[in-house]
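To start, the structure itself, in C-alpha cells.
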Amino acid sequence: MNLHEYQAKKLLADYGVPIPKGKVTSSPEEAEIIKKEISGKAIIKAQIHSGGRGKSGGVKLISSSEDAYDSAKTILGSNLITYQTGPKGLPVNNVLVEEATNIDKEIYLSVFIDNDLGVPIVITSTQGGVEIEEIAKNSPEKIFKTICSPLVGLSPYKLRDISMSLSIPPSEISHMEKIMGSIYKLFIEKDCTLIEINPLVITSDNKIVAVDAKINIDDDALFRHPDLQELNDPTQQEVLEKRASDFDLSYVKLEGGKIGCMVNGAGLAMATMDITKWAGENPANFLDIGGSASEKKIKEAFKIIDDDPDVEIILVNLFAGIARADVVANGIVKAGKETQSTTPIVVTMRGTNSEQGLSILKNSELDITSVEDLASAAKILKNKLSNTE
Amino acid sequence: MNLHEYQAKKLLADYGVPIPKGKVTSSPEEAEIIKKEISGKAIIKAQIHSGGRGKSGGVKLISSSEDAYDSAKTILGSNLITYQTGPKGLPVNNVLVEEATNIDKEIYLSVFIDNDLGVPIVITSTQGGVEIEEIAKNSPEKIFKTICSPLVGLSPYKLRDISMSLSIPPSEISHMEKIMGSIYKLFIEKDCTLIEINPLVITSDNKIVAVDAKINIDDDALFRHPDLQELNDPTQQEVLEKRASDFDLSYVKLEGGKIGCMVNGAGLAMATMDITKWAGENPANFLDIGGSASEKKIKEAFKIIDDDPDVEIILVNLFAGIARADVVANGIVKAGKETQSTTPIVVTMRGTNSEQGLSILKNSELDITSVEDLASAAKILKNKLSNTE
Amino acid sequence: MSILVGNDTKLLVQGLGRDGSFQTSRMLDYGTNIVAAVHPRRQGLYFEEKVPYFSSVTEAVDRTGANTGIIFVPAPFAMDAIIEQIDAGIDLIICITEGIPIHDMIKVKAYLKGTDSKLIGPNCPGIITPKSRTKIGIIPGNIVRPGNIGVVSRSGTLTYEAIAQLVKNGYGQSTCIGIGGDPIHGISFTDTLKLFEQDEETKAIVLIGEIGGSKEQEAAAFIKSNVSKPVVAAIAGQTAPPGKRMGHAGAIVTGKLGLASEKNKALENAGAHLVESPAYIGEKIKQILS
Amino acid sequence: MSILVGNDTKLLVQGLGRDGSFQTSRMLDYGTNIVAAVHPRRQGLYFEEKVPYFSSVTEAVDRTGANTGIIFVPAPFAMDAIIEQIDAGIDLIICITEGIPIHDMIKVKAYLKGTDSKLIGPNCPGIITPKSRTKIGIIPGNIVRPGNIGVVSRSGTLTYEAIAQLVKNGYGQSTCIGIGGDPIHGISFTDTLKLFEQDEETKAIVLIGEIGGSKEQEAAAFIKSNVSKPVVAAIAGQTAPPGKRMGHAGAIVTGKLGLASEKNKALENAGAHLVESPAYIGEKIKQILS
C-alpha cells in the first residue's frame, strides 16, 4: 500500500523525525488559511500516489495566501499526469501546504528490503533532491549502501559510517543519527517495504527536515496495523484495478495491449501474457484468479477484462489444481450472458474437471475457441490476429 | 538492582499485567485510608528486598481499617528478619496494602537468563505459591522450561505450549498468553535479569492477577534506564556494602568470618578468601578494589574492612597489573593513620611498583607482615591464628 | 533417486483448515507417507482415521520421527509455524502459505541460519517425486510421471504447464520443486541445481524463472561453473512493465537485473538452453535429449 | 606454536581512551604486532607515531589485513564494537571491557553464530603467548615466560598468580588465556582445552575456574573423553555463600551446579589434578611433570 506524502510525514513525525510546518487540505479556502499561519514562502504540493509531481505542475512555490488559494483551486480536482501515472493521470483530492525550507544540504535516504540478502538496506547519498535512478546512473560512487541486521538492526557504528559518508557537520551528527535510527525503527515497526526521504535537508540554520517522503507498507502485513489500513486511498487506483482489488483479484492493467488475459497462477499468467507477444500482440492486463476462486469472483474477473475498452480478444488459461475448471467456466458463461459479451475467447483448460468446464463453455452463446495447450493457444492467437488485420 | 514488590507491580501494570488493587505507604494512617477504599479483606505486606516475608510476620491478612492501622504500625519501622536477610534483617520503610485475591489456581512463572545457553528462559509450574527450589526438589516434573530466542522472542507456539502445560481454562488462554507475552517484553525492554511472579493467580471469577512479584534489573544496564535508577533503595543494603557501593567498590559482607580481605581482581579475591579457610578461619568479606583504584578509594576500602567489628586480621593481596602497588600502599597507610588502626595486616604485593608499595607499608605505623605469595600468606595466617587462640 | 524427498520421507502436516485438509487428502491419495498431523485441540484424534493428531510439532516429532513438515497455516501465523518446525528439528520444511509479511520472512531467513533445517517456499506448490510417490504440496499428482527430468520453478501453475509439456513429449520427472514466488524464500535455484547435478536419476533440468530479483543470474553463474547436465530455462514476464507487481510478491522489476531480458542473457551466457516462450519447454527438452 | 594468536597475528585496537591507550603502549612494548587503531575522529594520525588510525574497523581491515581485534571500548558501546569487528570479518576478537549489559551479550552471542569470528571475553585479561611475544590484553608481560604450560582461567589477577607460581617452579607458558568473568562469554573452557590438546607445544594445562554456572562441568566432561594431556584444576570461591555475587557477574551460586565443591568433584572424576587451594597450582604442576 502506498501512502500519500502527508500521511508519510505524519508517521515520520510520530517517530520524532522533523518535518516542515504545514497542513493538508481539500479546499482552496483552507489552503489560504494555512498559508496565513506560515510566515515567509510556502510550498503547495498535490497529494497523489506518484513521483515526478514537480515537473508536472503538482508542486508550486507560493508567497501569499492569495497565491495559496489560486494554486489550490487549480490543482485540486485536476488529474495530474506524471511520467509514472500513465496517460490518464491521478486525481488530486488533497494538497499539502507547507513552509518552504531553507536548504543548505540535501541528502537522499531510503530504506527498503534487499530480497537476495533477505535484510533491510539503507541507501544514502549526498546527491539529495535527485532521483535515485539518476544518481545510480550518473554518479554511482555517491551511493552509500548499508546492510542492516534482523537481530541488531541498524547498528550505531553503521550510523556513524553513514554520517561520515554524508559529511554531516559535527554539531548535527548525533541528531542525524537519532533521526536515521527513528526512520529505521518506523520501517521495522510498521512493516514498511519502502521509506524514501528525498531530500532530507540540513537547513541553513543547521536543522534537519524531511522535505519529501514516500512510504510503502507491506499489504500482507496490514492485518496487524489497523491504523494504517485507514490510510488507504482507493481514488488513486486505476478504475479496473480498484474493482479487482474489491474482489481480492490480483489484476494489473497494462497499457498498449489488446489481449485480455485470465489465468490461474501468477507465473502461468505471465507466461500467458508472454505468448501474446510471440503472437504479435501485447497483453492488456495481468490477472491471476488465484487458487480457489468462487463463481462470483470469476464473473467479476471476466467482466473486468471485458469492460476494458482495449481488449479485443480474451485468452483464458486454466491449469486447475486447487481451482475447479467447471466453476471457472460457469463464472465466465454467466458473466458473458449478463453483459452480452461478443469478445472472442481462446481457451485452454486443463486439470481438475476440465472436460466439464470446456463443455460448459462450448455449449454457451460465447465465441469460444478451445485449444489443447499454451503452444496451441499462441498459434490460434496469431491466426486470429492476422485475420482481424 | 532489586526492586520492591510494589515497584515491580507498578512496572508490570505499565505493561498491561493485572495486579491487585492497592497502594504503598509509609504511614499507618494512610494504610487505614487505603484499606477503606478496598471492599472485603486486604493484605498488608512489608516492602523489603527479601523473600520469605510471609513466614517472618511481614505479610498479614486484615479485615478492617483498624487492622490496617495496627498492622502497619507494627510492621513499619521494624527490621524484618527472614531466612534470606541475615541476622540483622532489613528495615521496613513501606508497606503495600492490597485487596485480597480469591484464588482458584496458582501458577509459578519466572523469566531469567540461562548463562550457558545465553538466552532468556521462562519457567512455569502449576505449583504456584511454592518456592521454585522446593518445586525443583519435590516435584521437578511439574517444572516447565521454555527456551526463548534473541531473534524472535517468546514465540506464539511456545506460549501455546506453556498454556497447555498449565491447563489454563480455554476461556482464559488468549488472555494468559497476552500477559505472558507482556511479561517477556518487560523482561527484554527493561534489561531485567529476573522476573518472578509467584503466584500468578487465576481467581475464582476467572481473572488473572499477579499476586506477588519480584524483579531484578541488570546493574550494568541501568545507564539506559534513568527511570529505573530512581527505584534504587539504599536502605535495603548492608551498611558496609552501602558505603562500598558509594565508592564503586565491589564488596560483599560475609557472615561468620574474621579475616578481612582486600584484593585486586574478583578471582584472586575469591582465591584469597579460600586460603583463609585452608588456614582454619573464614573470610569476613569479599572485596575487589578493581583495576585502577585511586588512593581515595583505597582509603575507603581499608576503612570499610577495618570498621567491620568481625575483622581480626586483614589480608591484602595485590597483583598489580593495571593497579599500582604504591598507590594502594599509600591509601592503606593514610587510612590506618586516620583511624589509628591496630589490626594486624598480612600483605602480599606483586607487580607494578610493588617494591615501593611494600616499603611504604613497612615504614608506616601499621602492624605489617609482608609475604612473598599466596601460599606463604596462607601459612603466616595459620601461624597468626594459632597464636591468637 | 530423487532430491530432498523420497522413500525416507516421514511427513508431518501443520495447518489443517479447509484447504490444508483437502490437500492432505490428495497427498494421502497419491501415496505420501504422512505420519503426523498437528492441531492444538485435536490430540488423540486421527485425520481420515489414518494420521494421528498431536498438539505440538515437537511432540509429533518425538512420537513419530517425522523428518519433513508441510505448512498450510494462514499467513499471519505461518512464521510461527516455520519457527516451531525448525525448533523441533524438522529437516525439510515446505511452506505452501501465500501472503506472509515480508518482515516475517526476514526473521525466518535469519532464524534458519546456523540450523540444519531447509525451507521450501513459502508461497509455493511444494515438491513431488513420482517414482517414490511422494507428493508434498499441491502439484497435481495425476500430471506427473516417473522419469529423468528435474524441474525447478518460482511458479505454481506454470510448473504444471511445464510438466504437462514434458509428459506430452514423452519425458517423466525425477523431482519437481516449486521454490515459491515470494521475494524472500528458502531453498534457491542454486541449491536445487546443486542437488539435481548430484542426483543420478536426473538427466536434464528445467528451470523456470520469472521477472524480479536476481536469483536467476545467481543460478546462471552456478550453472556456468558447476552444472554439467543440460539445463532448459524459461523466464516468465517479458511483457511485464517495470514497477508493477505481477501477482507474486517477488515478480516486480525494480532494477535492471529484474528484467526478463537480463535473466535470459545471463542464462544463455551460462550455457543454458533458453526457450523463447514458456510454451516450448517440452519441445526443447526433446530436441536436446533425442 | 601457541593457540589462537602467534606470529601471524595482526592486531587492531579499538577504544583508545585513557586505559586503552595505556594498555596499547604496553602491548607495543612487549612486541605485539599492532597494525591498526580505530578512532572515528583520528583518521590519518598515528598512535605513538607507529600505528595508523582509521575511522572504521572495515577500513582498517581493508587497508592493513588485521585479523585480530582488541576492544577497550566503554561498556555501553562495547556490543556495537564487537558487532563492527564481526561484520568486518575479524577472526579473533578480544573484548577486555567489563560491565557490558547481559542483554547485549545475549545479542552478541546470537550474532556470532553462523560467522567465522571467535570472541574472547568480555571482562577478561586477554591472551598472551610469550614465545611469539604476542600480548593482547592486560596480562603483565613481565610475569610470563616461554614454555609448555597452557593456562586458561575465568579470572584476571588469579591468572597472574597462577603464572607467577608456574614461573617460580620453573615452568613457562605456551599460551595464557583469560576467558572472562561474565556469565555470557565467547570462547569457553572446552574450546580452549580442545586447542591446547592439539597444540604440540603445550605439555600440560592449568584450568582455573570459579563458582557460578556449569562451564567447569562442561570442561570436565570434555577432559574425560578428549584430553590426554595432564590438567591441573583450581576452583576459586569455595568460601563464597550462595546467592551473593563475588565481583564477576558470573561468580554467583544460584544452583547446586554453581558450587565450588560440585565443580571440584566433576573435574576430579574427569581425571584432572585438583589443587586444594589456588595457592598450590605451581607446586602441583611440578609434582606431575617432574
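Convention: sequence-line order gives letters A, B, ...; per-chain numbering from 1. Just so it is clear, the values below take in all heavy atoms, side chains as well, and ignore hydrogens, waters and symmetry mates.
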Does any backbone or side-chain atom of [X] lie under 4.5 Å from a heavy atom of chain A? Answer side chain, backbone, both or neither.
X      : value
C:I235 : backbone
C:I102 : both
C:I138 : side chain
C:A240 : both
C:A164 : side chain
C:I100 : backbone

Set of residues satisfying side chain to side chain contact (heavy atoms under 4.5 Å, CB included) with respect to [X], sequence neighbours excluded:
X      : answer
A:A301 : A:L249, A:M262, A:L287, A:I289
C:P76  : A:F223, C:P74
A:V311 : A:A284, A:I305, A:D308, A:I314, A:T343

Pairs table: donor-acceptor atoms between chain A and chain C closer than 3.5 Å:
residue, atom, partner, partner atom, Å
A:D116, OD2, C:S214, OG, 2.4
A:C192, O, C:H103, NE2, 2.6
A:D218, OD2, C:I102, N, 2.8
A:R224, NH1, C:D104, OD1, 3.1
A:R224, NH1, C:D104, OD2, 3.3
A:R224, NH2, C:D104, OD1, 2.8
A:N264, O, C:T157, OG1, 2.7
A:D274, OD1, C:Q238, N, 3.0
A:D274, OD1, C:T239, N, 3.1
A:D274, OD1, C:T239, OG1, 2.8
A:D274, OD2, C:G237, N, 2.7
A:D274, OD2, C:Q238, N, 3.2
A:R350, NH1, C:E161, OE1, 3.1
A:R350, NH2, C:E161, OE1, 2.3
A:D373, OD2, C:K168, NZ, 3.0

Is it the case that atom CZ in C:F77 sees more than 12 heavy atoms from other parts of the structure closer than 6.0 Å?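 Not more than 12 within 6.0 Å, no.
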
Closest non-hydrogen contact found for C:A110 with A:P150 is CB-CG, 3.7 Å

Query raised in the report: Can you name the nearest heavy-atom pair linking A:I275 to C:A279, along with the distance?
Result: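 What the structure gives for the nearest pair is CG2-CB, 4.2 Å.
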
The interface call for A:A271 against chain C, heavy-atom contacts under 4.5 Å, is both

Find the one option among [options] whose heavy-atom pairs under 4.5 Å with chain A are most numerous.
options                       : value
C:G99, C:P140, C:A162, C:P278 : C:G99
C:P101, C:G243, C:G247        : C:P101
C:I184, C:L158, C:I208        : C:L158

In terms of heavy-atom pairs under 4.5 Å with chain C, the winner among A:G257, A:P283, A:A269 is A:P283

To the nearest 0.5 Å, atom CD1 of C:I106 lies from atom CG of A:L151 at 13.0 Å

Separation between CD1 (C:I281) and CG (A:L374), nearest 0.5 Å, reads 8.5 Å

